[in-house]
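See structure below.
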Amino acid sequence: MEKIAFLGLGRMGLPMARRLASGGYPLTVWNRTPGRVPASTEGSVEGLVEVADPVAAVRGAGVVVTMLADPAALAAVARQIVAELAPGTVWVDMSSVGPAAVAEVRDRLPDGVGLVDAPVLGSIGPAGTGGLTVLVGGGPEDVERVRPVLERLGRVVDCGGPGAGAALKLVAIGAIVGGVAVVAEALALAGSLGLSEELAGGVLAAGPLGGLVARATAVDADFPVRLAAKDLALAGGGPVFGAVRERLLAHPELADQDLARWVDAVRAAG
C-alpha cells in the first residue's frame with residue numbers, strides 16, 4: 001500500500017485517518033494545531049506519523065488527502081504543498097469547500113498531479129467505522145486510482161467529472177440543514193399550540209421528514225453550527241438557504257455545538 005499524507009485532523013479528519021491506518025495504509029499526518037495524535041516515543045501511534053508541517057507530510061506520498069475547514073484553509077495548504085507534489089500523485093480533497101475552491105486548487109497543480117473532490121456525508125461515528133457517504137468527482141483514471149482508499153471510508157457515489165462531488169455536497173447539505181430548520185420550527189410551533197413534543201415529533205418522524213427528525217434530535221452527531229452556516233454560504237442562491245443561515249448565525253453561543261443543539265434552542269424559544 002502506497003503512502004498517504006492526511007492533512008487536517010479535526011472532528012472528522014482524525015477518525016478518518018485512523019480508519020485508513022487500521023486498514024494497513026501508512027499515513028503521515030499534519031494538523032494546523034499540533035498534538036492531535038498522541039505520539040509515542042517514535043512519533044507515531046496507530047500507524048499515524050505526525051509531522052510539523054504539510055510539506056513534510058506530502059513528501060514521498062502517492063496520495064494526499066485533505067479534510068479542512070473551509071476554502072481559505074484549503075488555499076493556504078495548497079500554497080505550501082503544490083511545489084512538493086510529484087507527477088503521479090493524486091490529491092483527494094474531502095473538505096466541504098464547493099466546486100469553485102476545488103477548481104482554484106486544480107488550476108495550481110503541476111503537470112501530472114491529479115485532483116479528486118470527495119466530500120462526505122456523515123458524522124464522527126461513521127467516520128471511524130467506514131460508514132460515510134463519499135461524493136466523488138474527478139477524472140476517471142484519478143478516481144479509480146484512489147477508489148480503494150475512498151471505499152475504506154464509506155460508500156462511494158460517483159458524481160461525474162471534476163467538481164461534481166463538491167457541487168453535490170452543497171446540494172445535499174443545503175437540503176439537510178434547511179430540512180432540519182423546518183423540523184425545528186415545526187416542533188416550536190407544536191409547543192406554542194400546546195402539543196406535546198413526543199406527539200408532534202412522532203407524527204413527523206413517521207412521515208417523509210423522518211430522517212430529518214432523527215438528525216434534528218440526534219445526540220451523537222458533531223456537525224457544528226458554524227460549519228453548517230459556512231456550507232449554506234457556499235451554496236449561495238435562494239431565499240430559504242439565506243434565511244436559515246441567518247437563523248443559525250443568530251445563536252453565536254452555539255457556534256461550536258452540534259446542529260441539534262441549535263434545534264433545541266429554537267424549540268425552547270418557541
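Everything numeric here is computed off the predicted structure, so don't read it as measured data.
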Practice prompt. Say whether, by atom type as modelled, one donor and one acceptor occur between the side chain of Ser95 and the main chain of Leu68 under 3.5 angstrom.
Written response: yes
Practice prompt. Establish whether Met16 and Phe223 are linked, either directly or via other cluster members, by ILVMFWY side-chain heavy-atom contacts under 4.5 Å.
Written response: no
Worksheet item: Shortest non-hydrogen contact from Glu2 to Tyr25?
Response: O-CD2, 4.1 Å
Worksheet item: Could you walk me through whether Met94 and Leu150 pass the side-chain contact (heavy atoms from CB on, under 4.5 Å) check?
Response: CA-CA 10 Å; Met94 308 192 77; Leu150 300 179; 4.0 Å; yes
Practice prompt. To the nearest 0.5 Å, tell me how far Leu232 CG sits from Leu170 CG.
Written response: 9.5 Å
Worksheet item: Got a donor-acceptor contact below 3.5 angstrom from the Arg145 side chain to the Gly88 backbone?
Response: yes
Fill in: Approximate separation, where rounding is to 0.5 Å, of Ile173 CD1 and Leu234 CG
11.0 Å
Worksheet item: If you group Ile, Leu, Val, Met, Phe, Trp and Tyr by side-chain heavy-atom gaps below 4.5 Å, do Leu227 and Leu9 land in one group?
Response: no
Fill in: Gap between atom CG of Leu20 and atom CZ of Phe6 - 0.5 Å precision
6.5 Å
Practice prompt. Report yes if some heavy atom in the side chain of His251 is under 4.5 Å from a heavy atom in the side chain of Gln257; otherwise report no.
Written response: no
Worksheet item: Any chance the side chains of Thr66 and Asp93 put a donor and an acceptor closer than 3.5 Å?
Response: yes
Worksheet item: Which heavy-atom pair separates Leu109 from Trp91 by the least distance, and what is that distance?
Response: CD2-CE3, 3.7 Å
Discussion item. Quick check on side chain to side chain donor-acceptor pair (under 3.5 Å): which of Arg261, Arg226, Arg11 does Asp256 satisfy it with?
Written reply: Arg226
Worksheet item: Should we say atom CD of Glu253 is surrounded by more than 12 heavy atoms from elsewhere, each under 6.0 Å from it?
Response: yes
Discussion item. Tell me whether Val65 shares a hydrophobic cluster with Ile124, the cluster being built from Ile, Leu, Val, Met, Phe, Trp, Tyr side chains joined at under 4.5 Å.
Written reply: yes
Response to the item:
Taken to the nearest 0.5 Å, the spacing of Leu14 CG from Met67 CE works out to 11.5 Å
Worksheet item: Side-chain contact, heavy-atom cut-off 4.5 Å: Val156 with Arg147?
Response: yes
Discussion item. Suppose we screen for side-chain contact (heavy atoms from CB on, under 4.5 Å). Which residues come up paired with Val171, at least two apart in sequence or across chains?
Written reply: Leu168
Practice prompt. Specify the closest pair of heavy atoms between Asp231 and Ser96, including all atoms of both residues, with the distance to one decimal.
Written response: OD1-CB, 3.6 Å
Fill in: Distance-only donor-acceptor check, side chains Asn31 and Thr33, under 3.5 Å
no
Discussion item. Connecting only ILVMFWY residues whose side-chain heavy atoms lie within less than 4.5 Å of each other, what is the rest of Val182's hydrophobic cluster?
Written reply: none
Fill in: Residues Val244, Val177; criterion side-chain contact (heavy atoms from CB on, under 4.5 Å); working and verdict
CA-CA 8 Å; Val244 172; Val177 175; 4.0 Å; yes
Practice prompt. Could you tell me whether the side chain of Leu115 reaches within less than 4.5 Å of the side chain of Val113, counting heavy atoms only?
Written response: no
Worksheet item: In terms of side-chain heavy atoms, does Ser22 have a donor or acceptor partner in Arg152 at a distance below 3.5 Å?
Response: yes
Worksheet item: Heavy-atom distance under 4.5 Å between the side chains of Val58 and Leu85, does that happen here?
Response: yes
Fill in: Which residues share a side-chain hydrogen bond (donor to acceptor under 3.5 Å, both in side chains) with Arg267, sequence neighbours left out
Glu197, Asp264
Worksheet item: Are Leu259 and Leu248 close enough that some pair of their side-chain heavy atoms sits under 4.5 Å apart?
Response: yes
Practice prompt. In sequence, state the C-alpha distance, the side-chain angles, and the governing distance for Val120 and Leu153, and then conclude on side-chain contact (heavy atoms from CB on, under 4.5 Å).
Written response: CA-CA 9 Å; Val120 300; Leu153 297 172; over 6 Å; no
Item to complete: Examine Val77 and Val82 and state if one hydrophobic cluster contains both, with Ile, Leu, Val, Met, Phe, Trp and Tyr joined whenever side-chain heavy atoms are less than 4.5 Å apart.
Response: yes
Practice prompt. Sequence neighbours left out, what pairs pass salt bridge (charged side-chain N to carboxylate O under 4.0 Å, His left out) with at least one residue falling in residues 161-175?
Written response: none
Item to complete: Check for a donor-acceptor pair, side chain of Lys3 on one end and backbone N or O of Arg59 on the other, with a separation under 3.5 Å.
Response: yes
Discussion item. When you compare the side chain of Val64 with that of Val92, does any pair of heavy atoms fall below 4.5 Å?
Written reply: no
Worksheet item: What's the spacing between Leu48 CG and Arg18 CZ if we round to 0.5 Å?
Response: 7.0 Å
Practice prompt. Taking all non-hydrogen atoms of both residues into account, name the closest pair between Trp262 and Ala184 and its distance.
Written response: CZ3-CB, 4.1 Å
Practice prompt. Would you mind reporting whether Leu27 and Val49 have side-chain heavy atoms less than 4.5 Å apart?
Written response: no
Anything under 3.5 Å between a donor and an acceptor, one on a side chain of residues 199-217, the other on a protein residue two or more places apart or in another chain? List them.
unit_1, atom_1, unit_2, atom_2, d
Arg215, NH1, Asp258, OD2, 3.2
Arg215, NH2, Asp258, OD1, 2.8
Thr217, OG1, Val213, O, 2.8

Item to complete: Could you name each residue pair satisfying side-chain hydrogen bond (donor to acceptor under 3.5 Å, both in side chains) that touches residues 103-116, not counting sequence neighbours?
Response: none
Fill in: Nearest-0.5 Å distance that lies between atom CD in Glu84 and atom OG1 in Thr89
9.5 Å
Worksheet item: Does any N or O in the side chain of Asp142 come within less than 3.5 Å of the main-chain N or O of Val116, such that one atom is a donor and the other an acceptor?
Response: no
Worksheet item: Going through the checks in order, is the side-chain contact (heavy atoms from CB on, under 4.5 Å) test met by Val134 and Leu121?
Response: CA-CA 7 Å; Val134 187; Leu121 296 173; over 6 Å; no
Worksheet item: Do you know which two heavy atoms are closest between Gly236 and Phe241, and how far apart they sit?
Response: O-CD1, 3.9 Å
Worksheet item: Of all heavy-atom pairs between Leu7 and Ala57, which one has the smallest distance, and what is that distance?
Response: CD2-CB, 3.6 Å
Worksheet entry | Ile176 reachable from Val157 in the ILVMFWY side-chain graph, under 4.5 Å edges | yes
